[in-house]
> 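This is the structure I want to talk about, given as structure tokens.
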Amino acid sequence: MSASTQPFRRDDGGLIDRNRPLSFRFDDRAYQGFDGDTLASALLANGIRLVGRSFKYHRPRGILSAGAEEPNALVELRSGARREPNTRATVTELFEGLEALSQNRWPSLAFDLLSVNSLLGPALQAGFYYKTFMWPASFWEKLYEPLIRRAAGLGRAAGLEDPDHYEKAFAFCDVLVIGGGPAGIAAALAAGRSGARVILCDEDGRFGGRLLAERREIDGQPAAVWLSAALAELASLPDVTIMPRSTVFGVYDHGVYGVVERVSDHLAVPPPHQPRQRSWRITARRAVLAAGAIERPIVFAGNDTPGVMLAGAVRSYLNRFGVLPGREAVVFTAGDDGWTTARDLAAAGVRVAAVVDPRSGIDPALTGLAGRIGARIITGAVAAAAGGRALRAVTVREASGREESIACDLLAVSNGWNPTLHLTSHQNTRPVWDEAIHAFVPGTMPVGLSVAGSAAGRFSLAEALADGARLGREAAADIGFDSAAEPATPITDPEGVALSPVWRVKGGKGKAFVDFQNDVTDADIELAAREGFKPVEHLKRYTTLGMATDQGKTSNIAGLAIMAEQTGQTIPQTGTTIFRPPYTPVAIGALAGHHRGRDFRPTRMSPTHSWSQRQGAVFIEAGAWMRAQYYPRPGETDWLTSVNREVLAVRNGVGLCDVSTLGKIDIQGADAADFLERVYCNGFKALQVGKARYGLMLREDGFVMDDGTTSRLGETHFLMTTTTANAGKVMQHLEFCHQVLWPRLDVRMVSVSEHWAQAAIAGPKARAVLQGVVDAEHDISNEAFPYLAARAVTVGGGIPARLFRISFSGELAYELAVPAGYGEAMMDAVMAAGSAHGITPYGTEALGVMRIEKGHVAGNELSGQTTARDLGLGKMMSSKKDYLGRLMARREALVEAERPCLIGFRPVDPAQRLRAGAHFIGIGKPATMQHDEGYMTSVAYSPVLGHWIGLGLLKNGPQRIGERIRAVDPVREGDVEIEICSPVFVDPEGTRLHG
Amino acid sequence: MGEIGTTWTARGAWSGIVAPGVFSASGAGVNVQLREGLGIASLIASREQEPMLGRALESRLGLSLPTGPSAVSSASHTLVWAGAGQWLLVAASRAGVAEDCAGLAGLAAVALQSDGRAVLTLSGTMARKTLAKGCMVDLHPRAFPVGMTALTSIAYIGVQLWRSEDGPDGAVYQIMVPRSMAGSFWSWLCASGMEFGLVVATGQD
């Protein structure tokens, strides 16, 4: 089967299941792979080398690596709403029905028109956007930028709502092991055996790391034997958690690690109730980084040609995936490691034409191998690769300078490995250069983190196993988990790690790439050096080296080396950039988890919510709350009709409105009255038991903070109400005042907002209605229960309730509070008692209209920028006591005569509509800031008066009643002549209140 | 809630949000018991009265006042630490809690909260895994033993969480959330527990 449909698939071997074929599509053609494949390995098995086009020059690109570092093989995965751009084919597990499209090509991958960009090379070189398009400036936005945007970029986002669910989760452990290769497994075993809670994460779906890709022996047996025994033991330890497909992407303070688990990415569609991805915040007391290493390419002309591949990746495809990445190979290696690739290629039946190694004095065991597999040994370097869309030949240059072309379809490049130390620099520490291994190794480590094996620059399998076991054990012992005797470190087969890296081979014909994903060439770096962008941070920004989504995993070192060569410095003198989270890209959806759409933040429902729903309410968001905005009746087609009806029903009869969302704070203690005296600017000491009072609270800086009524329920017991918006803030403020400012006051406070459902019953017939609700033994006549009375009553035959005679509408009004569970019953009971009086439910809109008609301030006026004086409440500021904000409210600027003060407005032409936010400009004056005299804070259509009314803050407002001015609203093109009037539009004498 | 001779019907905090039933494709890893009808009061010790309050509660309920983040229970009552000098008294009977607190006036600021909280019990083999999707507290038995409590947040909702006596499937968690946010809490719980299978029951214990 494999031979017929997958021409580059080996007949046997590898960790794929040949009995489970999987169909997939790439660029709308059908192919087959096997369970266990990645998209990259399946493409290679089908002989697909050309996978995408590059970012800037639209160069044909193939598959460079077999891991998370892949800069070239980026595809659009899936289709429709699940389409995901820039997905690395090398880490995409194959699933049945997978669909992928190549990116950044038009009209097709093989024939791409924009590849002419390659010919425009000089125009697109480093820093081109700083130079070429500078002039004329107006062309940038209109012409250059859209052009560049169309030409550059990679995949396309889906543009549709993501249909999948994501989760966010929290985990804790004693030892977190990052990386499930030999070092990580050894560390997890050592720590797990001690009884510590261990979490072992690996980005791969399968544990084993490089062991999966190599033909190695441990304790005289194939490594797979050791691996399966180790994994079985880990699975048997109850406090060891194994997390596959989980990338540790960030290291944060206090042992916090960010992890993304790709729960369902290896499936076509997540199974029911499974998230697509889950982001974890893992808090670990200790952590061992065993993330392995990333192989380094070599810079030479045409090094981005499809068919040029990292030597370690070649072994992954051969050994793990049973795929031949080519049939005629050349190996270009700067160290012993590449020779292993030659060996494995030959073992898989690939003809190895030559092994090119610039070093002299190579281990005879390796040169002997070449003889056995019939490969030429060339002491020299590969100067160029040719072939365009697929490698055809390489130009090899011997030490003597003699060049020759060797035909091949695969070039395996080996230039040593860089420790995967990214996480070690997330706390802003830089790696340090280790001359012995020609690589950066971790510098100062984040607290609690140690690093094992290849990630520490100890590249041999023996070191990985020994390091892992030791550090896992030490991490656990450090926090009190001691192990029994240390088990013997396993014995491994011999391996060579000698290396003499080649950063670049000059003189080949064509572009030589340093950063494949961002199309940065060696020439770009030379140009940066010539133009003075020599420090590494400048180099990076000028050339965009290392700034693609791969964060330069395969390019940073070569870039530094070439800059070092230009400046005559060493690599460590040139420096290194530090890495930031995330290690690999993380979907925003995974970070949001459950919290998007309706669940972005909690929604608060009033205890009367479903009652309002039954009444047909239209709801509005008020902070986190859903509040009934108005209750349309059949036939009412616009909100204003409904609101006008509700207002008139209250003014002429009686209405019912939910006010449960107001903050309610229970304040008790011997000094409770004193406490209130200090937090409110008006007096509270003299408030009688059983009475309520309107209170105004200032901030320390003298501005108004909040208002509300506070009732004295007992000698030492008060109930404060706050506005809905400020409920939490006021509670916080009171706690601060008590704990920090006046800790000696004997006072205690607790929020009781959630316990009480509260409704306003307002209108001339309010008392008559309430008499049918409040139990008969409570006298609520005008005499027994006058304006501002506040007392405990019972309703419904004994249910404890609180009744307050307070009014926001200016009508005879009460607020009735019952335990929240009875909220709906209260609304039903009030409606039943009020039916004879035509009671009407009203919402926040009608509430707002009536308070504007009465000139009461609310959220629009309590903006945090207004003083009591601004709001016409200056007289409330007591002169007989001290209170918060008293001194600061006297600041010059706050008492300036010209400061805008609250006043009322009505349109000169009663048919004109007013708009909140409009600015006041004198008649005949231009509408400029210079002539600005204040602004309209609130407007409403008053059904009582039959025209629009407004409240606003106007310079010298109260002295200008009767004067005319304009309300100018440039946003909505409004310019209305208005008359300044009293802010109390309805019942200025307040007689209705006392009715 | 039947002690008062009222004709008014009380509505539970979970009413209209979640009803007993099975929420899953398969499995029953998480058991949710909706706890209606509890009596809840917040107690804040008066100045220098904490020892007296402790003695009063000890003699009344047979429970000693926790001085750190823990919860103590009798058959009918639980006292949950809720911050320095503050506790929640949770009584099996809603009607009785006012009486439980009568006479504590000088010793503590008492405020009834029975209707202000939605309470549920979470148990089952996957209860901890479900909680891990929103709870930022380490609930491993070593870190969060029976009787421990935490004031924390789950899904951006402030919760009081405590671990009561183990049940047949291991750890049992009591979770108290503000009544107004019960709907959002359930939205999170349901989304988080569905993969394990949620079985919702109601009742008093």
Side-chain angles (χ1 to χ4, degrees), chain A residues 165 167-172 197 239 271-275 278 281 283 593-595 598-599 601-607 609-610 624-625 660-661 666-670 717 746-757 795-800 818-826 828-829, chain B residues 1 3-13 15-17 24-25 40 42 44-47 85-86 94 98 108-117 129 131-140 142-143 155-157 178-185 187-188 191-197:
Chain A
H165 184 240
E167 286 182 348
K168 210 157 62 166
F170 304 87
F172 299 82
R197 292 162 66 190
D239 271 323
H273 314 309
Q274 289 283 348
R278 188 182 283 136
R281 195 184 81 178
T283 306
H594 176 66
H595 302 288
R598 253 289 109 211
D599 289 297
R601 62 175 181 186
T603 303
R604 301 183 75 180
M605 300 292 189
S606 155
H609 186 84
S610 46
W625 289 99
S660 306
T661 59
D666 185 277
I667 301 170
Q668 300 187 39
H717 189 184
D746 183 12
V747 62
R748 285 158 293 284
M749 64 211 80
V750 65
S751 168
V752 293
S753 302
E754 294 275 347
H755 178 67
W756 297 96
V795 292
I799 297 166
V818 296
Y822 288 112
E824 293 205 40
M826 168 177 69
D828 284 333
Chain B
M1 298 194 191
E3 288 86 342
I4 302 164
T6 178
T7 52
W8 289 21
T9 309
R11 195 180 156 91
S15 169
I17 291 167
S24 86
I40 304 166
S42 56
I44 309 176
S46 301
R47 200 156 62 172
Q86 307 194 19
R94 182 181 190 277
V110 177
L112 289 182
Q113 304 279 10
S114 309
D115 287 47
R117 302 286 183 273
K129 282 205 161 159
L131 279 173
K133 296 185 190 182
C135 180
M136 289 168 274
V137 173
D138 186 1
L139 297 179
H140 188 275
R142 271 185 222 156
Y156 303 110
I157 296 167
R179 180 191 187 103
S180 67
M181 291 187 249
S184 290
F185 184 81
S187 170
W188 166 82
S192 302
M194 285 275 265
E195 68 164 309
F196 310 119

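A note on names: the letters A, B, ... follow the listed sequences, proteins ahead of strands, and every chain is numbered from 1.
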> Is Gln86(B) close to Arg748(A) at the side-chain level, that is, under 4.5 Å between some pair of heavy atoms?
no
> Picking from Gly134(B), Ser192(B), Gly16(B), Ser24(B), which has the most non-hydrogen pairs under 4.5 angstrom with chain A?
Gly134(B)
> With chain A as the partner, which of Leu131(B), Ile157(B), Ile44(B) has the greatest number of non-hydrogen pairs under 4.5 Å?
Ile44(B)
> For Asp599(A), which atoms come within 4.5 Å of any heavy atom of chain B: side chain, backbone, both, or neither?
side chain
> Relative to chain B, which of Arg601(A), Arg197(A), Arg281(A), Gln274(A) shows the most heavy atom pairs under 4.5 Å?
Arg197(A)
> Where on Ala182(B) is there a heavy atom nearer than 4.5 Å to chain A: the side chain, the backbone, both, or neither?
neither
> Checking side-chain contact (heavy atoms from CB on, under 4.5 Å) against Arg179(B), which of His755(A), Glu754(A), Arg604(A), Met605(A) comes through?
Glu754(A)
> Name the option with the most non-hydrogen atom pairs under 4.5 Å to chain A; the candidates are Ile17(B), Val110(B), Leu139(B), Leu112(B).
Leu112(B)
> Does any heavy atom of chain B fall under 4.5 Å from the side chain of Thr603(A), the backbone, both, or neither of them?
both
> Quick check on Asp828(A) against chain B: is it the side chain, the backbone, both or neither that has a heavy atom closer than 4.5 Å?
neither
> Sort out for me which of Pro602(A), Ala169(A), Pro272(A) touches chain B most, counting heavy-atom pairs under 4.5 Å.
Pro602(A)
> Taking the side chain as everything from C-beta on, heavy atoms only, tell me whether Trp188(B) gets closer than 4.5 Å to His594(A).
yes
> Are any non-hydrogen side-chain atoms of Thr283(A) and Asp138(B) less than 4.5 angstrom apart?
no
> Would you call Ser15(B) and Glu824(A) a side-chain contact if the rule is heavy atoms closer than 4.5 Å?
no
> Name the member of Pro819(A), Ala624(A), Gly823(A), Gly593(A) that forms the most heavy-atom pairs with chain B at distances under 4.5 Å.
Pro819(A)
> Hey, is the main chain of Ser46(B) close enough, under 3.5 Å, to the side chain of Gln668(A) for a donor-acceptor pair?
no
> Sort out for me which of Ser751(A), Ala820(A), Ser753(A) touches chain B most, counting heavy-atom pairs under 4.5 Å.
Ala820(A)
> Non-hydrogen atoms of chain B under 4.5 Å away: do they reach the side chain of Met826(A), the backbone, both or neither?
both
> Under 4.5 Å, counting heavy-atom pairs only, tell me which of Ala109(B), Gly193(B), Ser114(B), Ala111(B) racks up the most with chain A.
Ala109(B)
> Taking atom types as modelled, is there a side-chain donor on Ser187(B) or Arg598(A) under 3.5 Å from an acceptor on the other?
no
> Val752(A), Ile667(A), Asp666(A): which one forms the most heavy-atom pairs within less than 4.5 Å of chain B?
Val752(A)
> Please classify the contact of Ser660(A) with chain B as side chain, backbone, both or neither, using a heavy-atom distance under 4.5 Å.
neither
> Chain B heavy atoms under 4.5 Å from Val747(A): which part of the residue, side chain, backbone, both or neither?
neither
> Is there a side-chain contact between Tyr156(B) and His595(A), using heavy atoms and a 4.5 Å cut-off?
yes
> Given a strict heavy-atom distance threshold of 4.5 Å, which part of Ala155(B) is in contact with chain A: side chain, backbone, both, or neither?
both
> Among Pro271(A), Gly821(A), Ala825(A), Ala670(A), single out the residue with the greatest number of heavy-atom pairs under 4.5 Å to chain B.
Gly821(A)
> Any salt bridge between Glu167(A) and Lys133(B), counting N to O under 4.0 Å?
yes
> Side chain, backbone, both or neither: which part of Trp625(A) has a non-hydrogen atom closer than 4.5 Å to chain B?
side chain
> To check you understand the geometry: which heavy-atom pair defines the closest contact between Asp115(B) and Tyr822(A), and what is its length?
OD2-N, 4.2 Å
